[in-house]
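Proteins come first, then strands; the chains are lettered A, B, ... in the order of their sequence lines, and each starts at number 1. What you see below is based on every heavy atom in this structure, not just the backbone, and it leaves out hydrogens, waters and symmetry mates.
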Number of protein chains: 2
Amino acid sequence: MNSELSVLLGDLVTVTHRLTRLAAQATGDSTSPAAWRTLSVLTSAGPMRIGELALASRVSQPTMTKIVANLNELEWIKRIADSSDARAWHIAIAPKGQNALNDWRYRLGAALEPLFADLSVRELGVLSEATDLIGDRITVQEMAA
Amino acid sequence: MNSELSVLLGDLVTVTHRLTRLAAQATGDSTSPAAWRTLSVLTSAGPMRIGELALASRVSQPTMTKIVANLNELEWIKRIADSSDARAWHIAIAPKGQNALNDWRYRLGAALEPLFADLSVRELGVLSEATDLIGDRITVQEMAA
DNA sequence: ATTAATTGTATAGCTGAACTATGTATATAC
DNA sequence: GTATATACATAGTTCAGCTATACAATTAAT
């Protein structure tokens, strides 16, 4: 096993832990991270069932049922009956939810921007590529799970 | 405001949210993320008081009191009385704690390694530099807070 | 075609980590 | 020496996550 990669990944997780925490404090966000993750998944992968959503967002199915119920009350998602299976629902992001997600991302960026304002164009590119690299691998994993 | 940076940071946080979650599930870790953050801070910045630790780890002082109490029971940290202030303590990471932290980082890396095994040397460098970039800015922020 | 097993979602109840408010003891200011 | 500020501890609450399980609909078996 590649121990260098191991250490790098450990550091990456530790550092992003703190970034996440800092971001939450900076935006004074009350919506749960899992809800944002869920909206984010719906945006990038399109409508899906509660069970699939639970896998993709890495929470248990009952937790996702609750998250969806909350998002539904906010009218941030739509529940669409599955015509071929009366037990199941298709969950789709609603316009309000898309707006909320965009707004959250924006506020997050605004809150953290001062910290990163000194980045060079090259460093910006590094961060951007790293984000893509991680995103690709997470997505692959989620689809496989 | 730089909206490109804004979007990038939003994406970064979203993606690392999911990475963190995935990592926690993959290692079956029961210790709280905040405890690992705390140990990580102690390792990189050396012994400090509970109040300082709370700021650095971005939790409230009572929360940190509890985290430190838990870590103390595990003998992962040492409480050292402040000779000049009987109210205060210096919290230092203990050898056991250093080992536990190293082990956690290792397990984390091992669990995530399969996902990242296909990285080129250049991409590895990108991830590494991104980690450093974020780490630097978080640290600066924590010290200022 | 019933019965049984499986699957998709919902509900109940628990745990634990975070918070605010406040208490206690020590330090500092006047 | 009394008052205020500071450092940590305690009490009590809230909420997100979990497991276990119920319920309903589908699928499989005989």
Side-chain angles (χ1 to χ4, degrees), chain A residues 17-18 20-39 41-42 47-74 76-92 145, chain B residues 17-18 20-39 41-42 47-74 76-92 145:
Chain A
H17 253 152
R18 291 201 266 168
T20 298
R21 183 85 193 159
L22 176 59
Q25 285 196 347
T27 59
D29 184 33
S30 65
T31 304
S32 87
W36 295 123
R37 272 201 308 275
T38 300
L39 290 176
V41 168
L42 285 176
M48 63 181 79
R49 294 167 165 216
I50 285 189
E52 294 171 323
L53 213 40
L55 279 175
S57 282
R58 307 243 144 219
V59 296
S60 68
Q61 171 266 308
T63 298
M64 185 49 66
T65 292
K66 199 176 178 186
I67 291 173
V68 165
N70 292 342
L71 292 176
N72 194 43
E73 274 194 31
L74 290 169
W76 285 8
I77 54 113
K78 284 174 294 201
R79 305 185 71 125
I80 302 163
D82 184 330
S83 52
S84 69
D85 187 337
R87 297 166 303 176
W89 300 91
H90 290 291
I91 309 301
Chain B
H17 252 152
R18 292 201 267 166
T20 298
R21 185 86 189 157
L22 176 60
Q25 286 196 346
T27 58
D29 185 32
S30 64
T31 304
S32 86
W36 295 123
R37 272 202 308 277
T38 301
L39 289 176
V41 167
L42 285 177
M48 62 181 78
R49 292 150 89 125
I50 284 188
E52 294 171 322
L53 214 40
L55 280 174
S57 281
R58 307 242 146 221
V59 297
S60 68
Q61 172 264 309
T63 297
M64 186 50 66
T65 292
K66 198 177 179 186
I67 291 172
V68 165
N70 292 342
L71 292 176
N72 194 42
E73 274 195 32
L74 291 169
W76 286 7
I77 55 113
K78 282 173 295 199
R79 306 185 72 124
I80 301 163
D82 184 330
S83 53
S84 71
D85 186 340
R87 298 166 303 175
W89 299 91
H90 291 290
I91 309 301

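What separates CG of A:L53 from P of C:dT9 is a distance of 10 Å, to the nearest Å. Computed from coordinates, the B:W36 CH2 to C:dA18 C1' distance equals 19 Å when rounded to whole Å. What separates NZ of B:K66 from P of D:dA11 is a distance of 12 Å, to the nearest Å. Summarising the geometry, the separation between CZ on B:R87 and P on C:dG23 is reported as 18 Å, rounded to the nearest angstrom. As a whole-Å value, the separation of B:I80 CD1 from D:dC8 C1' is 17 Å. Regarding B:L71, its CG atom lies at a distance of 13 Å from the P atom of D:dA9, rounded to whole Å. For the pair A:D85 CG and C:dT7 P, the interatomic distance rounds to 12 Å; values are reported in whole Å. Atom CD1 of A:I67 is separated from atom C1' of C:dT9 by 14 Å (rounded to the nearest Å).
Here the nucleotide nearest the side chain of A:S60, chosen from D:dT19, C:dT26, C:dA18, is D:dT19. Closest to the side chain of A:S32, out of C:dA10, C:dA27, D:dG17, is D:dG17. Residue B:T65 places its side chain closer to D:dA9 than to any other of D:dG17, D:dA9, C:dA18.
In this structure, B:R58 contributes its side chain and A:L22 its backbone to no donor-acceptor pair below 3.5 Å.
A donor N or O paired with an acceptor N or O is not found under 3.5 Å between the base of D:dA7 and the side-chain atoms of B:Q61.
Nearest-nucleotide mapping onto DNA chain D: of B:T63 and A:V59, the residue sitting toward the 5' end is B:T63. Heavy-atom distances to DNA chain C give each of B:N70 and B:P62 a nearest nucleotide, and the one nearer the 5′ end belongs to B:N70.
Listed here is the closest heavy atom pair of A:L42 and A:P47: CD2-CA, 4.3 Å. The two atoms that bring A:V59 and A:A34 nearest to each other are CG1-CB, 4.4 Å, heavy atoms only.
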- Candidate pair B:D85 and B:R49, rule side-chain contact (heavy atoms from CB on, under 4.5 Å), full reasoning: CA-CA 11 Å; B:D85 186 340; B:R49 292 150 89 125; 3.5 Å; yes

- Query: Would B:E52 and B:V41 count as a side-chain contact (heavy atoms from CB on, under 4.5 Å) if you check the C-alpha gap in whole Å, the side-chain angles of each, and the deciding distance to 0.1 Å?
  - Reply: CA-CA 10 Å; B:E52 294 171 322; B:V41 167; over 6 Å; no

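Among the atoms of the strands shown, only primed sugar atoms or phosphate atoms (P, OP1, OP2) are found under 4.0 Å from some heavy atom of B:A34.
Between B:R79 and D:dA9 there is a side-chain N or O to OP1 or OP2 distance below 4.0 Å.
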